[in-house]
Amino acid sequence: MHKHTRFAPDRRRLLGAGLALGSLSLAGCASMGSGPSIGRVVIVGGGFGGATAARYLKMWGGNVDVTLVERNAQFVSCPISNYVIGGHAGMERITRGYDGLKALGVKVVQGEVTAVDAAGKKVRLAGGGELAYDRLILSPGVDFMTEGTPGLQAALDSGRVLHSWKAGPQTAALRKQLEAMPDGGVFAMAIPKVPYRCPPGPYERACMVASYLKQFKPKSKVLVLDANPEIQSKKALFERAFQQHYAGILEYRANNELKEVAAHGSHAVAKLEFDDVKADVLNVIPPQRGGDLARSAGLLNMNARWAGVNWLTMESTAAPGVHVLGDATMSAPAMPKSGHMANQHAKVAAAAIIQLLKGEPVNATPVVMNTCYSFVTRTDVVHVASVHQYDATDKTFKTVPGSGGVSAAANQIEGRYALSWADNIWADMLAA
Ligand SMILES: Cc1cc2nc3c(=O)[nH]c(=O)nc-3n(C[C@H](O)[C@H](O)[C@H](O)COP(=O)(O)OP(=O)(O)OC[C@H]3O[C@@H](n4cnc5c(N)ncnc54)[C@H](O)[C@@H]3O)c2cc1C
């Protein structure tokens, strides 16, 4: 077929697309112009949820004042961080700046929000300043529950034991520990009971560490101590990878909950119910809850662990005017705590907040989706995908039957897709 005819725009299709985009896209056009502000939105947390919300409020919202407060100078991605830990890429591959959001007119403030005054509609900054808002978005991610595991907090504080479950200095430090580990050493990893952020993440990490040790320190061992009764995501695919690529190096132990962390000479010791594991490198992924700020703001009203939200708006069920996104929320059934899902939460919230600020009804039928890729070798990847539709009767998202799925087998094409997915979602959230 002739190139020109193939890509010639179809007037009816273009018109249809315009109508489908509806009032939000028209408001997006207006954002380039002037006119009074429709409101002030403060966002805390420049990760997957918060950065995406900032961008989409600006794109869809016309004249919305958007301020994003993030404690770190740069965004460092958890997705692909296991690949870095495996030595297959450097930290620069997963690090991005906030200039794209600034260019869109988002006020980016590097700082720490220490308190939320929901009644007074303002947040307090560590330096003493305050930011007033009409709507507040919190996407603070997770913080760790170390109190149930004696010795763990002290081991984390000393830097001897790393979690590397927030990307950044801990990612680089775990890579260094692996490089310093002797051939013949033991790398042990403790996985908490669900729910935790990124269900397949620990098993991907086990594969990435094993891929490095297999090539450079083949006498070493990877011990995966899982508090759960079985692998929590893409089970058959990870089992196959463990067997096919890492037999003799990687040992997976189900129902092995970490009870205590101790030290023995230069080794860290993971104390389990029935035995102790002496490790050259001990990587503990602690149990998690919604981030500290959501807790101090009184938003963790589900099992004192996660934030309950109205799924049509992502507004907290504990504090009016405060919207919570991402990992900190009490997940809907079968909804993963993932960067992709936080990005989707942000789009639901951005659209709803614009409509609330304008006094318009919010979308009553949102649909969100998730795809999560995991590297099992340097080149081969597996995915899991799902689509979640709002159910008005039960007021929650439910998976659409038959919509998702997993890879038939690990493959190299998905290896390329995984890296492209990351580049694309970083561009989507950071406008860069
Ligand atoms: C090893 C690993 C691999 C992963 N792989 C994938 C993957 O392949 N695909 C996928 O979709 N997901 C993946 N995830 C999960 C993904 O990283 C999280 O689900 C996602 O980061 C959640 O987004 P969030 O906005 O809730 O939190 P985050 O992205 O963690 O953002 C929270 C931000 O808030 C900031 N913050 C918190 N409190 C304050 C405060 N008081 N003041 C100022 N700033 C504050 C933090 O500095 C942080 O930048 C992975 C996670 C891990 C650990």
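We use all heavy atoms of the structure for the numbers below, so side chains are in, but hydrogens, waters and symmetry mates are not. All values derive from a computational prediction rather than experimental measurement. Every number for a ligand or one of its atoms is a count from 1 in the order of the listing.
Listed by number with element, the atoms of ligand 1 under 4.0 angstrom from any heavy atom of Asn72 are 47 (O). Near Arg205, the atoms of ligand 1 lying under 4.0 angstrom from a non-hydrogen atom of the residue are 1 (C). Less than 4.0 angstrom separates some heavy atom of Tyr373 from each of these atoms of ligand 1: 8 (O). Near Asn82, the atoms of ligand 1 lying under 4.0 angstrom from a non-hydrogen atom of the residue are 1 (C). Set against the non-hydrogen atoms of Ser81, the atoms of ligand 1 under 4.0 Å away are 1 (C). Residue contact check: Val44 has heavy atoms under 4.0 Å from atoms 40 (C), 42 (N), 43 (C) of ligand 1. Below 4.0 Å from some heavy atom of Gly111 lie the following atoms of ligand 1, by number and element: 42 (N), 43 (C). Of all atoms in ligand 1, numbered sequentially from 1 with element shown, those under 4.0 Å from a heavy atom of Gly49 are 25 (O).
Ring geometry for Tyr196 against Trp165 counts as perpendicular: the plane angle is over 60°, on a 0 to 90° scale with 30° as the lower cut. The aromatic rings of Phe397 and Tyr390 sit perpendicular, their planes meeting at an angle over 60°, well past the 30° parallel limit. Classification of the Tyr252-Phe242 ring pair by plane angle, with boundaries at 30° and 60°, yields tilted. The aromatic rings of Tyr83 and His88 lie tilted to each other, with the angle between the two planes from 30° to 60°.
Residue-to-ligand polar distances keep Asn370 apart from ligand 1: every N/O pair is separated by 3.5 Å or more. Close N/O approach between Cys198 and ligand 1 is not found [any backbone or side-chain N/O within under 3.5 Å].
Among protein heavy atoms, atom 34 (O) of ligand 1 sits closest to Gly45 CA, 3.1 Å. When hydrogens are left out, the protein atom nearest atom 16 (C) of ligand 1 is Gly339 N, 3.4 Å; that is the closest non-hydrogen contact. Looking only at heavy atoms of the protein, atom 42 (N) of ligand 1 is closest to Val113 N, 3.0 Å. In terms of protein heavy-atom proximity, atom 13 (C) of ligand 1 is closest to Pro79 CG, 3.4 Å. Distance from atom 38 (N) of ligand 1 to its nearest protein heavy atom, with residue and atom name: Arg71 NH2, 3.2 Å. Nearest to atom 9 (N) of ligand 1 among the protein's heavy atoms is Trp421 CH2, 3.4 Å. The closest protein non-hydrogen atom to atom 52 (C) of ligand 1 is Cys78 CB, 3.4 Å. Atom 35 (C) of ligand 1 has as its closest protein heavy atom Glu70 OE1, 3.2 Å.
Closest heavy-atom approach to atom 28 (P) of ligand 1 within the set Lys166, Arg197, Gln74: this belongs to Arg197. Comparing Ala115, Ser139, Gly47 by heavy-atom distance to atom 24 (P) of ligand 1, the nearest is Ser139. The nearest non-hydrogen atom to atom 37 (C) of ligand 1, considering only Pro140, Gly46, Ala418, comes from Pro140.
In this structure, Thr313 contributes its side chain and Ala352 its backbone to no donor-acceptor pair below 3.5 Å.
The NZ atom of Lys214 sits 15.5 Å away from atom OH of Tyr212, with the distance rounded to the nearest 0.5 Å. To the nearest 0.5 Å, atoms CG (Asp183) and NZ (Lys219) are separated by 4.5 Å.
Contact analysis puts Cys372 in contact with ligand 1, with a non-hydrogen atom separation below 4.0 angstrom.
Using a 4.0 Å cut-off between a side-chain N of Lys or Arg and a carboxylate O of Asp or Glu, Lys166 and Asp143 qualify as a salt bridge. Note on Arg253 versus Asp226: no salt bridge recorded, every NZ/NE/NH1/NH2 to OD/OE distance being 4.0 Å or above.
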Under 3.5 Å, which donor-acceptor pairs do the side chains of residues 243-250 form with other protein atoms, sequence neighbours left out?
unit_1	atom_1	unit_2	atom_2	d
Tyr246	OH	Cys207	O	3.4
Tyr246	OH	Val376	O	2.5

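No more than 12 heavy atoms of other residues, nucleotides or ligands lie within 6.0 Å of CZ in Arg124, so this atom counts as exposed by the packing criterion.
The part of Ala342 lying near ligand 1 is the side chain, judged by heavy-atom distances below 4.0 Å.
A cation-pi arrangement is absent between Arg289 and Phe144 under the rule of less than 6.0 angstrom and at most 45 degrees off the ring axis. A cation-pi arrangement is absent between Lys347 and Trp60, since the terminal nitrogen or guanidinium carbon is not both under 6.0 Å from the aromatic centre and inside a 45° cone about the axis.
When the options Asn370, Asn343, Asp327 are evaluated for a side chain to side chain donor-acceptor pair (under 3.5 Å) with Ser338, the one that passes is Asn370.
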